[in-house]
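Order of appearance sets the numbers: ligands from 1, and atoms from 1 within every ligand. Note that this is a predicted model, so its numbers are computed, not measured. We're numbering straight along the sequence, starting at 1.
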Amino acid sequence: MRILGIETSCDETAAAVVEDGRAILSNVIASQVDLHAQYGGVFPELASRAHVEAIAPVVEQALREAHVGWADVDAIAVTYGPGLPGSLLVGVNFAKGAALGTGLPLVPINHLEAHLYAHWLHSGADGDAPVGEPPLPVVALIVSGGHTELILMHAHGRYTYLGGTLDDAAGEAFDKVARLLELGYPGGPAIEQAARQGNPRAFDFPRAWLPGTYDFSFSGLKTAVLRTLQRFNGPRPPRFIADMAAAFQAAVVEVLAEKTAQAAKAHGAQAVLLSGGVSANASLRAATRARVEVPVYGLPLILCTDNAAMVAAAGTYRYQAGVRAGWDLDIEPGLRLL
Ligand code: KG4
Ligand code: ZN
């Protein structure tokens with residue numbers, strides 16, 4: 001069975017063909033990073049316009065690279081939420097048009113569920129992760145520019161939301177702090193790189209533990225970074241920016257890893273899944289692996305960040321479960337995973 005996945009929820013226009021929910025036949029991503037870099041974050045209006053220009057060529061390329069035509073595809077899976085309204089609309093409308101024109105079934109996909117299903121793809125595992133399907137139940141940490149969620153996945157399609165951020169997403173915090181430190185956009189990779197030369201104990205930044213919950217908060221940390229920057233406006237210690245980056249990263253990573261470990265233990269998880277752009281962070285993976293007794297699944301970079309192979313993987317399971325969208329399928333920018 002071959003599923004064409006389409007993803008336009010944020011700033012990546014992506015299409016992919018996946019076979020039997022596991023094998024990636026193609027995985028095309030048109031990134032808008034350069035377009036948004038000058039604004040230090042995603043500019044929604046520009047994002048949707050760029051999606052309109054990219055969507056048809058990206059889908060055609062995905063079919064071409066997979067060496068398939070529309071007739072070789074069993075269904076079209078598309079992200080309908082959560083995400084930016086103007087961006088989601090482009091993917092959903094294109095998918096509806098393609099389904100109407102080809103007669104293929106349309107399968108609606110929750111973007112967060114797609115981030116989880118990236119782990120069911122064949123090339124899913126990162127270098128030191130276990131290979132093969134994760135054993136269920138799992139606790140999944142989804143950390144990206146738009147999300148910070150801890151989710152308990154009981155079985156295919158069955159989830160419990162454990163907690164999430166009360167303010168900034170983890171990736172957003174990385175992006176905002178990178179901007180303060182003038183490290184550029186996207187901030188995550190820039191901070192991780194700068195932090196390699198820094199001392200994580202040089203500054204004692206706050207950790208919002210929010211006891212008794214699996215929720216997160218990063219706005220206090222961001223303010224602490226700003227205050228420290230203002231305090232050292234004059235002469236700065238050597239390696240100041242590297243130390244700031246290292247101390248900030250340590251504060252984010254410690255809370256994410258510790259709460260994920262607590263959730264895994266409390267719910268008897270058989271594995272922990274790390275997904276989303278921030279899960280590319282090597283120190284987050286290492287810190288989680290150090291705290292968790294069960295296998296911790298990471299992903300190669302291309303499957304950490306937004307892509308359509310993960311949408312097609314989730315689409316395979318939804319399609320097999322009989323889920324179909326009607327022509328009235330609408331975007332749901334605030335969609336949750338329940
Ligand atoms: O999943 P993604 O591509 O898009 C969203 O759905 O948001 O994630 C992008 C986010 C950005 O905020 C970026 O700064 C962050 O992931 N990121 C990282 C790293 N690589 C990307 N954060 C920390 N460390 C990294 N190595
Ligand atoms: Zn995402």
### Query
Cys10: heavy atom below 4.0 Å from ligand 1, yes or no?
no
Is the closest N or O pair between [X] and ligand 1 shorter than 3.5 Å?
X: Asn281; answer: yes
X: Gly276; answer: no
X: Gly171; answer: yes

### Message
Apply the hydrophobic cluster definition, ILVMFWY joined by side-chain contacts under 4.5 Å directly or through others, and give me every member besides Leu166.
### Response
Leu210
### Task
Using modelled atom types only, decide if a donor and an acceptor are shared between the side chain of Thr8 and the backbone of Ser87 within a distance under 3.5 Å.
yes
### Query
Nearest non-hydrogen atom to atom 26 (N) of ligand 1 belongs to which of Glu192, Glu12, Glu7, His147?
Glu192
### Query
Counting heavy atoms only, which of Gly277, Ser31, Ala170, Gly145 comes nearest to atom 19 (C) of ligand 1?
Gly277
### Query
Hey, what's the ring geometry for His111 with His115, parallel, tilted or perpendicular (30° and 60° as the breaks)?
perpendicular
### Query
What class does the angle between the rings of Phe240 and Phe232 fall in, given that below 30° is parallel, 30 to 60° is tilted and above 60° is perpendicular?
tilted
Tell me which protein heavy atom sits closest to [atom], plus the residue, atom name and distance to 0.1 Å.
atom: atom 4 (O) of ligand 1; result: Asp306 OD2, 3.5 Å
atom: atom 25 (C) of ligand 1; result: Gly188 C, 3.6 Å
atom: atom 15 (C) of ligand 1; result: Val278 CG2, 3.9 Å

### Task
Measure Asp175 to ligand 1 on non-hydrogen atoms and call it side chain, backbone, both or neither using the 4.0 Å cut-off.
side chain
Just checking, is any N or O donor in the side chain of [X] or [Y] under 3.5 Å from an acceptor N or O on the other one?
X: Thr228; Y: Gln230; answer: no
X: Asn281; Y: Gln249; answer: yes
X: Glu113; Y: Tyr159; answer: yes

### Query
Which ligand 1 atoms does Gly146 reach within 4.0 Å, using its non-hydrogen atoms?
7 (O)
### Query
Of all the atoms in ligand 1, which lie at a distance below 4.0 Å from a heavy atom belonging to Thr305?
1 (O), 3 (O)
### Task
Using a cut-off of strictly less than 2.8 Å, determine whether His147 has an N/O/S atom near the Zn ion (ligand 2).
no
### Query
Do you see an N/O/S atom of Cys10, backbone or side chain, under 2.8 Å from the Zn ion (ligand 2)?
no
### Task
Specify the closest pair of heavy atoms between Ser26 and Ala62, including all atoms of both residues, with the distance to one decimal.
OG-O, 2.7 Å
### Query
Can you name the N/O/S atom of Asp306 that is nearest the Zn ion (ligand 2)?
OD1
### Message
Could you check whether any side-chain heavy atom of Ile76 comes within less than 4.5 Å of a side-chain heavy atom of Pro105, counting everything from C-beta outward?
### Response
no
#### Entry: side-chain contact (heavy atoms from CB on, under 4.5 Å) partners for Leu162, two or more places apart
Val139, Leu150, Leu152, Thr160, Tyr214, Ala263, His267
